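Comments concern the structure below.
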Amino acid sequence: MSNESHIIMDETAIRRALTRIAHEILERNKGIEGCVLAGIKTRGVYLAKRLAERLESIEGTAIPWGELDVTNYRDDKEEPAQASAKATFPVSIQGKKVILFDDVLYTGRTIRAAMDAIMDCGRPESIQLAVLADRGHRELPIRADYIGKNVPTSRAEEIEVLLTEHDGTDLVRILQAREGN
């Protein structure tokens, strides 16, 4: 299947979006005290790490961050595995404001799975959601608190996020399936 692509964010746009999200998080939470970042594997982890670095450079204080693997919490598996939280956090999330970070928000099912995984790790004060791109088409009543870019798409399109740490470049693009594929 061949795809046509259209770049919607380059390295500079991604960097600016992360800086803006960092400032929005600081404003909403009145700093980073009591906050923990949780990056959803795979690319959400790299974005959470970058966001943690930005927040530290602005505030002068490190924010704890961890990784969240939601594979066992997905509801779209043929045979659901026994759910068990695969999360690595440097601190307890009990009573903390957990800020989830994922690359693309689409149906909301990954975020629902992430919330279930977080709740298995403890009871946070709140869960907030940051995404690099929101493409719409929700199947669940989930919305992001912090959005790098709203990208209206059709269901035939896909959003592809490439990050230097995993893909060798920073890029967000829309992939459009060609007619007949």
Side-chain angles (χ1 to χ4, degrees), residues 6-32 34-55 58-59 63-71 73-76 87 89 93 96-119 121 123-155 157-163 165-166 170-175:
H6 172 71
I7 295 171
I8 55 174
M9 293 177 87
D10 60 11
E11 180 181 355
T12 302
I14 291 170
R15 187 174 56 252
R16 285 182 183 143
L18 290 173
T19 299
R20 182 173 30 79
I21 289 170
H23 285 283
E24 289 172 3
I25 287 170
L26 291 170
E27 184 175 329
R28 177 175 177 170
N29 295 290
K30 297 175 178 58
I32 57 172
C35 294
V36 177
L37 286 175
I40 299 174
K41 284 194 170 184
T42 296
R43 287 171 185 82
V45 172
Y46 302 123
L47 292 167
K49 181 178 188 292
R50 290 183 189 187
L51 184 60
E53 290 167 353
R54 265 224 197 28
L55 288 166
I58 295 166
E59 285 291 284
I63 182 171
W65 68 276
E67 301 181 9
L68 196 57
D69 182 351
V70 301
T71 306
Y73 289 85
R74 302 277 319 182
D75 65 359
D76 55 1
F89 292 107
I93 63 165
K96 299 283 197 303
K97 297 173 195 168
V98 176
I99 303 163
L100 272 175
F101 208 132
D102 203 8
D103 56 353
V104 178
L105 178 56
Y106 181 32
T107 63
R109 293 186 180 275
T110 299
I111 303 309
R112 186 216 45 87
M115 289 190 297
D116 287 347
I118 285 173
M119 297 308 281
C121 294
R123 187 177 190 282
E125 175 186 316
S126 65
I127 299 174
Q128 300 169 24
L129 176 59
V131 296
L132 187 58
D134 183 346
R135 65 169 290 190
H137 303 288
R138 230 56 96 239
E139 294 174 3
L140 300 172
I142 290 175
R143 68 168 179 77
D145 299 285
Y146 314 102
I147 302 168
K149 187 169 185 75
N150 279 298
V151 186
T153 62
S154 75
R155 291 201 182 264
E157 295 171 315
E158 278 186 47
I159 300 263
E160 182 180 45
V161 175
L162 303 174
L163 297 175
E165 299 90 335
H166 191 265
D170 278 353
L171 196 66
V172 180
R173 61 185 170 196
I174 295 179
L175 301 177

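All of these numbers come straight from a predicted model, not from anything done at the bench.
- Contact check for Met9 versus Leu132: side-chain heavy atoms found under the 4.5 Å cut-off.
- Exactly one of Leu100, Val98, Leu55 qualifies for a side chain to side chain contact (heavy atoms under 4.5 Å, CB included) with Leu37. That residue is Leu55.
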Please set out all donor-acceptor pairs under 3.5 angstrom arising from side-chain atoms of residues 106-115, sequence neighbours excluded.
| from | atom 1 | to | atom 2 | distance (Å) |
| --- | --- | --- | --- | --- |
| Thr107 | OG1 | Arg109 | N | 3.3 |
| Arg109 | NE | Glu139 | OE1 | 2.6 |
| Arg109 | NH1 | Asp75 | OD2 | 2.5 |
| Arg109 | NH2 | Glu139 | OE1 | 3.4 |
| Thr110 | OG1 | Arg74 | NH1 | 2.2 |
| Arg112 | NH1 | Asp116 | OD2 | 2.3 |
| Arg112 | NH2 | Tyr73 | O | 3.0 |

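- Remark: Glu11 engages Arg15, Asp170 in a side chain to side chain contact (heavy atoms under 4.5 Å, CB included) (not counting sequence neighbours).
- At least one side-chain heavy atom of Leu51 sits under 4.5 Å from a side-chain heavy atom of Ile25.
- Annotation: Arg155, atom CZ; neighbour count of heavy atoms from other residues, nucleotides and ligands within 6.0 Å is above 12.
- Every residue two or more places apart in sequence or in another chain that forms a salt bridge (charged side-chain N to carboxylate O under 4.0 Å, His left out) with Glu160 is listed here: Arg173.
- Using a 4.5 Å cut-off on side-chain heavy atoms (C-beta onward), His6 and Ile8 make contact.
- A 4.5 Å side-chain heavy-atom check between Trp65 and Val45 finds at least one atom pair inside the cut-off.
- Under the side-chain hydrogen bond (donor to acceptor under 3.5 Å, both in side chains) criterion, Glu53 pairs with Lys49, sequence neighbours left out.
- Remark: Thr19 pairs with Arg54 by the side-chain hydrogen bond (donor to acceptor under 3.5 Å, both in side chains) rule, at least two apart or across chains.
- No more than 12 heavy atoms of other residues, nucleotides or ligands sit less than 6.0 Å from atom CD1 of Ile7.
- Under the salt bridge (charged side-chain N to carboxylate O under 4.0 Å, His left out) criterion, Arg16 pairs with no residue, sequence neighbours left out.
- For Glu125, the side chain to side chain contact (heavy atoms under 4.5 Å, CB included) partners two or more places apart in sequence, or in a different chain, are Lys97.
- Sequence neighbours left out, the pairs with a member in residues 126-135 that pass side chain to side chain donor-acceptor pair (under 3.5 Å) are Asn29-Gln128, Gln128-Tyr146, Asp134-Arg138, Arg135-Thr153.
- Every side chain to side chain contact (heavy atoms under 4.5 Å, CB included) that Ala144 has, sequence neighbours left out, goes to Leu105, Leu129, Val131, Ile147.
- Here Ile58 pairs with Ala22, His23, Leu26 under the side chain to side chain contact (heavy atoms under 4.5 Å, CB included) rule; sequence neighbours left out.
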